[in-house]
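A note on names: the letters A, B, ... follow the listed sequences, proteins ahead of strands, and every chain is numbered from 1. Source: prediction; values computed, not measured.
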Amino acid sequence: MARRQYPFHLIEPRWQQFWLAGETFRAFNPGEAVPPLHPFARRHGTPDKTGQTDLLPPKYYILDMFPYPSGAGLHVGHPEGYTATDILARYRRAKGFNVLHPIGWDAFGLPAEQYAIRTGQHPRITTAGNVANFRRQIRSLGFSYDWSREVDTTDPGYFRWTQWIFLQLYNSWFNPASNRAESIATLVFPPDCTTESQRRALRDSKRLAFVSEAPVWWCEALGTVLANEEVVDGLSEVGKHPVVRKPMRQWMLRITTFADRLLADLDTIEWSDSLKEMQRNWIGRSEGAEVDFQLAAHPARLRVFTTRPDTLFGATYMVVAPEHRLVDEITAPARRAAVDAYRAEVAKKSDRERTDATGKKTGVFTGAFAINPVNGEQIPVWIADYVLATYGTGAIMAVPAHDQRDLAFARQFELPVRPVVQPPDPTADPIGFCDAGTAINSAGAGIALDGLPTPDAKQKITAWLESNGLGQKTVNFKLRDWLFSRQRYWGEPFPILWRTDADGTPYHEALPESSLPLLPPALEEFKPTSDGQPPLARATDWVREIPGATRELNTMPQWAGSCWYYLRYLDARNDSRFVDRAAESYWMGTAGAAATPGVDLYVGGTEHAVLHLLYARFWHKVLFDLGHVSTPEPFFKLVNQGLILGADGQKMSKSTGNVVNPDEILAEYGADAFRLYEMFMGPLSETKPWNTQGVEGVYRFLGRVWRLFVDEASETEFEQRLAAEPGRGADFLGQIQLAANVVETEPSAAQLKALHACIRKVTDDLEHLRFNTAISAMMMFVNEALPWERKPASILKGFLQLLAPFAPHLAEELWERLHAHVGQTPPSLSYADWPRHDPALLVEDTLELPVQVNGKLRDVIHVPAAATAADIEAAALAAEKAQPFIAGKTIRKVIVVPRRLVNIVVG
RNA sequence: GCCGGCGUGGCGAAAUGGCAGACGCGCUAGACUCAAAAUCUUGUUCCCGCAAGGGAGUGGGGGUUCAAGUCCCUCCGCCGGCACCA
């Protein structure tokens, strides 16, 4: 244990208690009374209670990604993002914004339930313990959260509204005509839809939350289904257990209807290009055409999707997915055995095996032929597992000349390859060319494309197909509907009842909003039942509580609670609405002085790049369409923090034993040093390795800050007393005096310049999230200020304001002492106006200019700031150390870059 | 394979096209000390040189420019995402 640089162990708890007790960081909603003594009121006045949002300062909503309170506690990766947002929240508060900076717990989830299955301890108890630990750890870091807005997804006061939002989805449909979600009541029944059960069936087929009997990923080990995206390489994302496909009745959310808007609105928000690209890839929009091929010797048509209808003349065979519904019908008797064998083989393969064999293609001929509509040619129909049943129409026309996969398949099975696109380079081989070129070999009875560039050819053939009833322009998406039910206990129960109609057909109906929240039943045993029913089936009384009905046994996935938590923060204690309208429009930036539509800054890890961020955007758009929120997008600006690796450069994990526990770092160096190090390591978005020695570096810096202010003799005395009576540290702390050379005096020009250069750099860096270089600027200031014989209080105050967002405990302590030292009452540091630099103080009288000869540095000259280009040129040509490189050569050019350098070009 | 990002001292890193390596870690030498820790001071990209000084240098190669870590082309390596999506 290194010698303690300064008594952070006494200072930090003191200020944490002060902030908590005074609710220093409480954010005030429109219409809310602000206590007159609160520092927010002292700075901004107390807006009257009429709810005039324009009386509040502009809002700034700065959000951290919702943590899951795991049993392992906080990991040094969590506080990286939290520290960045906390620094910015404190900075924005000082800049005069009304800052909303909340935290809460995404506390439903599998680990607590699995623990319950093993030990019988109720997940509520496990969860409460984990939340308490997370809260303690987060508070120990001194973050400026508004604790009055803390939320917990497992709290009935919270999930009541999660269930309410589900009912909004359940009671809505997507109207393609208006391109938005609308109440299911606006659905118009066709004239032949007259009976109650017909109407119910139609509505149920349109709802945004619907029931589907779909093949889903079943994980035996977890006892639940998983969404497609929770299955990675044929294993569960959580715990890496095997999963199998199994048809089951499930709740789905119709996210696919929003695919176009989810894609288009990415252009309206400030996210990183890579993140937007990930979302675009996930949505996977692709434009093309559906084309019908008449089967020879069979009445049916085979519909395919292609993005290259212009290559129709190059189609030399067809492939349908082995699961395609027409396979049975079209297979020729002679090929039946081979087709059945292939299908059986494919069915056995896991998805991983099916996609693993990259390049190597398998498939069999069905014996059927299809007729190419453009030239009447009969081409063979194959089945192969490289065509997916779930994408497009589950069938393709194969154009081996211009598609890598088709080409590999054609070569494997010696199928013909016919080039129909000429690359722009006339000498290039058209075979295997997959980009845009010029159509060739593409003329038939009714249509010819030869000579047309690819885009024109696409357009022409599509128009021809449409006018002949053979196909049409189509857009396909990779995005699938969202599998929304889980067979678990520790999640939100669905507010849904099942009944049976007169014909014995089961149907579902929603519980009324007034009955929310629907609490999970009390259970002793959390396992699924022996006959494979979800754990909720064990609560037989609860399931049959409503006469004539049974409850839905599934629960919602963990994503549900995290899809809207950022809205609950706006008005976390409201029990009559999920969020008050005025609070929503103020904080989301559609009322009042702020301009940012949505969360101003959202910081979190890339692991949520697609799932959470796509789901939350989807829910937000539904709520927007239904008039419950005022912005089309939830998160205006989003920044991904980089991963923090272990000291060995490996990902931190229990198995490699390189995990750093923040509690230990805090005990030895304190929260301020920890915060500073997390930011000093490098740019926020980069992946970087942890190095505890680096913590010592910033810790020493904080020690130098301390010594910049305090009187050494009084501190030595403090240390001695503390050593004698360690328990009385808080009493002795007051005996530390500031140094006698800290005085109220006019600062010198050099002192002003040091401070103002620091203000400029720190402010600019904070605006651009460059925390590491801001810290280095503060280090330079302290290094310069330490030897000062007289330290003007005004300069030190300015510096403490800059330091405050980064190391708030030390800054508060010194701020208080500094004011007392010069006989003043300190204003709240958290709400003190952010200093502004005065450019006039930074003007240099003389400039140091490098002199280059042919681009190489040879000398440095000093010239008056006001020197003309001609003066500078003359001085440069006279520069002593440049002479040997100029002598005897012709000066071709002299480049004078004002305030930068001089380059003498000789030859 | 495709898409995105990144390659700079022993290490973390810095650098609106304009003095590469700020700031910090580590190391070096010194001051203080009985000694150590802590602190303070010095030096620290590499090569040649006692020094003055010179040369090379931002993954490799090429280009644009008076001037390139920065812009362009190409290759190599690492990280993240997607992965037969027609």
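Checked for salt-bridge contact, A:R760 and A:D764 miss the test: no charged N lies under 4.0 Å from a carboxylate O. Residues A:D267 and A:R280 are paired through a salt bridge, judged by an N-O separation under 4.0 Å between the basic side chain and the carboxylate. A salt bridge links A:R285 and A:E287; the closest N-O separation between the charged side-chain nitrogens and carboxylate oxygens is under 4.0 Å. A salt bridge between A:R308 and A:D403 is absent, with no side-chain N of the basic residue lying under 4.0 Å from a carboxylate O of the acidic one. Look at A:E844 and A:K753 and you find a salt bridge, because one of the NZ, NE, NH1 or NH2 atoms lies within 4.0 Å of a carboxylate O, short of that distance.
For A:F771 and B:A14, the CZ to P distance is 14 Å, given to the nearest whole Å. With rounding to whole Å, A:N854 atom CG is found 12 Å from B:G55 atom P. One interatomic measurement links the two molecules: OH of A:Y6 to C1' of B:U39, which rounds to 17 Å at whole-angstrom precision.
A gap of 15 Å separates the C1' atoms of B:C27 and B:G12, to the nearest Å. Separating the P atom of B:A38 from that of B:U45 is a span of 24 Å, rounded to the nearest Å. Here the separation of B:U16 from B:G4, taken at their C1' atoms, is 25 Å to the nearest Å. A distance of about 11 Å separates the C1' atoms of B:A14 and B:G69, rounded to the whole Å. With both ends at atom P, the span from B:C2 to B:U74 equals 13 Å, rounded to whole Å. A distance of about 23 Å separates the P atoms of B:U28 and B:U33, rounded to the whole Å. Nucleotides B:C23 and B:U41 have their P atoms positioned 13 Å apart, rounded to a whole Å.
If you check every strand for non-hydrogen atoms under 4.0 Å, A:R285 touches nothing. Within 4.0 Å of A:V897, counting heavy atoms only, lies at least one base atom of the nucleic acid. Residue contacts shown for A:F885 are limited to sugar-phosphate atoms, with no base heavy atom under 4.0 Å away. A:S286 comes within contact range of the sugar-phosphate backbone alone, with a heavy-atom separation under 4.0 Å but no base atom that close. Residue contacts for A:K688: at a heavy-atom cut-off of 4.0 Å it reaches the sugar-phosphate backbone alone, with no base atom in range. Looking at heavy-atom distances under 4.0 Å, A:N903 makes contact with a base. If you check every strand for non-hydrogen atoms under 4.0 Å, A:K856 touches sugar and phosphate atoms only. The residue A:V387 sits close to a base: some heavy atom pair falls under 4.0 Å. Residue-level contact check: A:T307 touches the backbone only, with heavy atoms under 4.0 Å from sugar-phosphate atoms and none from bases. Residue-level contact check: A:R707 touches the backbone only, with heavy atoms under 4.0 Å from sugar-phosphate atoms and none from bases.
Shown here, B:G9 is classed syn by the O4'-C1'-N9-C4 or O4'-C1'-N1-C2 angle, which is within 90° of 0.
Base pairing analysis places B:C6 opposite B:G77; the two distances defining the Watson-Crick or G-U wobble pair are each below 3.5 Å. Judged by Watson-Crick or G-U wobble contacts below 3.5 Å, the nucleotide B:G12 has B:C23 as its partner. Searching all strands for a Watson-Crick or G-U wobble partner of B:G53 with both distances below 3.5 Å returns B:C48. Across the strands present, B:C66 finds its partner in B:G18; the criterion is a Watson-Crick or G-U wobble pair with both atom distances under 3.5 angstrom. Across the strands present, B:C82 finds its partner in B:G1; the criterion is a Watson-Crick or G-U wobble pair with both atom distances under 3.5 angstrom.
With hydrogens and angles left out, the side chain of A:E848 and the base of B:C19 share a donor-acceptor pair within 3.5 Å. For A:R900 against B:U16, a side-chain-to-base donor-acceptor contact under 3.5 Å is present. One cannot find a donor-acceptor pair under 3.5 Å joining the base of B:C82 and the side-chain atoms of A:K478.
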Output one letter per nucleotide in nucleotides 43-52 of chain B: B when a protein non-hydrogen atom lies under 4.0 Å from the base, S when only the sugar-phosphate is that close, - when neither is.
----------
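In terms of position on RNA chain B, the residue among A:S274 and A:M780 whose nearest nucleotide sits closer to the 5' end is A:S274. When each of A:I895 and A:T687 is assigned the nucleotide of RNA chain B bearing its nearest heavy atom, the one mapping closer to the 5' terminus is A:T687.
Nearest to the side chain of A:M779, among B:C19, B:C25, B:C23, sits B:C23. For A:F305, the listed nucleotide lying nearest its side chain is B:A86; candidates were B:A86, B:G24, B:A14. Of the candidates B:A38, B:G26, B:C84, B:A38 carries the atom nearest the A:Q5 side chain, counting heavy atoms from C-beta on.
The six-membered or imidazole ring of A:F781 lies near that of A:F799, with a centre-to-centre distance under 6.0 Å. Aromatic rings from A:F409 and A:Y386 are positioned such that their centres are separated by under 6.0 Å.
Identified under the salt bridge (charged side-chain N to carboxylate O under 4.0 Å, His left out) test for residues 895-907 of chain A, with sequence neighbours left out: none.
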Given side chain to side chain contact (heavy atoms under 4.5 Å, CB included), test A:D385 with A:Y342 step by step and report yes or no.
CA-CA 9 Å; A:D385 65 358; A:Y342 183 70; 3.5 Å; yes
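Contact check, A:R858 against B:C19: no side-chain N or O comes under 4.0 Å of OP1 or OP2. Close to B:A22, at under 4.0 Å from its OP1 or OP2, lies no side-chain N or O of A:N772. An OP1 or OP2 oxygen of B:A86 is reached within less than 4.0 angstrom by no side-chain nitrogen or oxygen of A:Y386. Regarding contacts with the backbone of B:G26, a side-chain N or O of A:R700 is found under 4.0 angstrom from either OP1 or OP2.
Judged by distance alone, the side chains of A:D481 and A:T256 do bring a donor and an acceptor atom under 3.5 Å apart.
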